[in-house]
K.L.:
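Before I ask anything, let me first share the structure, which is written out below as structure tokens.
Chain letters run A, B, ... following the sequence lines, proteins first, then strands; residues in each count from 1.
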Number of protein chains: 2
Amino acid sequence: MPFLQKSYESLDTLAEAIGQAIRAPITIENRHHQLLAYSTHPDSTDPARIATIIGRRVPEAVIEDLWESGILQEVIDRDEPVVIPARMAVGLGERAAVVIKQQDDVLGYIWSLARTTPFSDQELTVLKEGASIAKKLLMTIAMHERRIDAELERFFLEVLATPNLSSAHRERLDELAPIAVASRLTIIECSQPITPQLAERLFYVLATQQAIEVVLHAIDGQQLLVWHYMKSELAEEETALLQWAIRFETQLRDKFNEVEPRLGVSRRFFESDMLYAAMEEARRVTSLRRKFPYELATTHTFEQIGIYQLVPDLARRIGLRLETHPTIERLQTYDVAHHTELVTTLEWYFYFDGNVKRVASHLHIHPNTVLYRIRRIEELTNITQVSLPERAAVYLAIKAGQYRQDD
Amino acid sequence: MPFLQKSYESLDTLAEAIGQAIRAPITIENRHHQLLAYSTHPDSTDPARIATIIGRRVPEAVIEDLWESGILQEVIDRDEPVVIPARMAVGLGERAAVVIKQQDDVLGYIWSLARTTPFSDQELTVLKEGASIAKKLLMTIAMHERRIDAELERFFLEVLATPNLSSAHRERLDELAPIAVASRLTIIECSQPITPQLAERLFYVLATQQAIEVVLHAIDGQQLLVWHYMKSELAEEETALLQWAIRFETQLRDKFNEVEPRLGVSRRFFESDMLYAAMEEARRVTSLRRKFPYELATTHTFEQIGIYQLVPDLARRIGLRLETHPTIERLQTYDVAHHTELVTTLEWYFYFDGNVKRVASHLHIHPNTVLYRIRRIEELTNITQVSLPERAAVYLAIKAGQYRQDD
DNA sequence: GTCCACTTTGTGTTTTTTCACAAAGTGGAC
DNA sequence: GTCCACTTTGTGAAAAAACACAAAGTGGAC
């Protein structure tokens, strides 16, 4: 009764066997839609399949289309071969698909292109049979991969927690990363601890980023830590990174809006010794962006946060009573005594470059109120008419104070 | 013939002997007008003498008056006892003075208050004789002091050049400085190498600073390095320091205008281990003030230079091609192509908080020209309407570029 | 509760800044 | 030399911002 053997030595031979049994092109993918095997059936094939084989992964557009239309969900839920009508918009001819599952765990998919004639029940049974055989093969691979991944993740976390690497560390790291490539450490921070399910989805999005190459990654509480480098030339590294960061964060917010993902990218580094420092830089970015979401809404990298780099240092010094800005102190005293908001007003007055109207609208008050407050501030400190460096210093002092408070 | 013995065991006994010989109060000072000895003559004395004895130093006002009126110069030049009429404005009654000299080197002075009767020639001869005896005593002291000073200076320079102090270093330093006092390292930078003569004058001004206590000092090329702490309470340390820095720099500029002295004060530190870091901070201040005299005209401390702290780092990263600000690059390209000054214009536009009039007057151009350029810049980059942190970042990038160029 | 000092808002007026446009200047390509 | 694209300056009109001042609101001291 079965059309296939009990087992095959590899997914390639399995794909070939299924392909011969139902006389149609077959592809087998893992759960990330990465190509695992495909049959060499000579029949005509469609653009989507060609792109998949060339790129060793199903094109992003196709995956998105299949998810959005609910087809993939149906394939997963049904756990039976599903016939899918052609979706020419994304270059997909008619085909059949079956999920490869272990309990509720999706391991992968088998796809079969349709020939001129529709699929018969018998052919679909062959696909179903193929999925069951593929399961065993995929489980072996998945288990192996998982073991390696877990070990690497443990190692990566250890490295990131070690300021001064041992030579053993260094040797192993150098095996992992190409030398003399401008690396970055990027943190993807979520508002909640990253569950295995969320991690899975995040890894998937990460793996599909065309612009970057991931060296290592690891989960640490609410943060996904990624050591990566840009695929672009060194000269374009920065531009490429900045563009990528914008795209990537938008993408993350689209897909994971509920956990409010936020990026923090370190400066570039070339030596694995710098991983610890890079980690601190990336952490500083996410931490500052957490505290100042409005002000740092469009910044992703340590470079971009600009003068905010100074804020934690300043905050610490204020904490140690090493630094107190006389101007701000006077204003704060006044604020307490008169229930006013002079410090906040000054902050946004500086932020908005002295534009009274914008300050008023941001604070939801009358422009004349802002004007009145500014005049008060001038009476108390005459700080508003100083130059940018001084204004920036005052601004930083205010921000440092807030940084401490929120702590 | 001589009225005094050939030698005395101490300056105190000498002062006493002279006082008895001419029956008038006697004080002996070193070249810095620090009190070395005084007679206990019971006669009435004047406010200046009381203040001198109490403060163990001639009051600053008196010294200034004597210098400005040329009296002290006359005393030094004449090398003979000089009778000085009363200068009641500074609390000085009539007196006689004689310089204690070794060749052309001033070692100190002997002062004698007048009694009701004028000084006789004989009395003046006694003074002259006293000066000659004091010379021997002072030379011994001076030589000893000089040897100790030179050794300490050498030690201090060694410490400042050592990032990681040995325990021997640390022990000796801890003997010199009181523990748990907020120290600062201040650099006084001159436009020329500090000659021994200049050093002498600088040390004198330094020694007369009431607000600070000097732990160690040393000359290093064009810089006078001073380890000191404020005499005020810890809580007022910062305020006191800032006030002192303003006063002191004004004073230095008055007295040493020809070498353009400039201060650079480190952050406060409590451990001698921090001397090296403090040195770097102070150096950063002087170096930045040298490069940006206009912008940092009123700043003295590492804290005060505010965001300029970032400039050298940024400059270095630009040098390594790690950082290029796309906005500024585009403007620079345009500047080169069209012989314009967009970058400079933007810099001062930011500096003057978007005040077109002030920018125009600073650059000596028509306000409309500024307006025209700003519009050009907006067309090229639309950077002018961003928030303070971003403007500050751009400003810093410009400044970092200049920092590098001037190097 | 009243008083009082201070803050906030609303109104027109005055001052300042920006804008549009024209004329003049500049410097390199040819 | 001319041409041309762009910059700089000058002028008056238009827009925006700041200002003065009055009225209303607020909150603590008593």
K.L.:
Could you list where the contact with chain A starts and ends along DNA chain D, reading 5' to 3', using a 4.0 Å heavy-atom cut-off?
P.N.:
D:dA17 to D:dG28
K.L.:
Is the shortest distance from a Lys or Arg side-chain nitrogen in A:Glu260 or A:Arg289 to a carboxylate oxygen in the other one below 4.0 Å?
P.N.:
no
K.L.:
What residues from residues 328-337 of chain B pass a heavy-atom cutoff of under 4.0 Å to DNA chain C?
P.N.:
none
K.L.:
Applying salt bridge (charged side-chain N to carboxylate O under 4.0 Å, His left out), can you list everything that pairs with B:Glu258, at least two apart in sequence or on another chain?
P.N.:
B:Arg201
K.L.:
Rounded to 10°, tell me the angle between the two end axes of the helix from C:dG1-D:dC30 to C:dC30-D:dG1, each built from five pairs.
P.N.:
40°
K.L.:
Tell me the salt bridge (charged side-chain N to carboxylate O under 4.0 Å, His left out) pairs involving residues 383-392 of chain A, sequence neighbours left out?
P.N.:
A:Arg391-B:Asp353
K.L.:
Would you call B:Glu281 and B:Phe269 a side-chain contact if the rule is heavy atoms closer than 4.5 Å?
P.N.:
no
K.L.:
For B:Gln402 and B:Glu347, which I'm curious about, is there any donor-acceptor pair between the side chains at under 3.5 Å?
P.N.:
yes
K.L.:
Compare every heavy atom of A:Glu249 with every heavy atom of A:Ala297, then report the nearest pair and how far apart it is.
P.N.:
O-OE1, 4.3 Å
K.L.:
Could you check whether B:Glu189 pairs with B:Arg283 (Lys NZ or Arg NE/NH1/NH2 to Asp/Glu carboxylate O, under 4.0 Å)?
P.N.:
no
K.L.:
Return yes if a side-chain donor-acceptor contact under 3.5 Å exists between B:Arg373 and B:Thr345, otherwise no.
P.N.:
yes
K.L.:
Could you verify whether a donor N or O on one side chain and an acceptor N or O on the other, from B:Tyr349 and B:Tyr395, lie under 3.5 Å apart?
P.N.:
no
K.L.:
Which parts of nucleotides 11-19 of chain C does protein reach within less than 4.0 Å, heavy atoms only, written one letter per nucleotide 5' to 3' as B for base, S for sugar-phosphate only and - for none?
P.N.:
B-----SSB
K.L.:
For the residue pair A:Glu60 and A:Gln210, confirm or rule out a side-chain donor-acceptor distance under 3.5 Å.
P.N.:
no
K.L.:
For the side chain of B:Lys357 and the backbone of B:Pro367, is there at least one donor-acceptor N/O pair under 3.5 Å apart?
P.N.:
no
K.L.:
Do A:Tyr372 and A:Arg376 have side-chain N/O donor and acceptor atoms under 3.5 Å apart?
P.N.:
yes
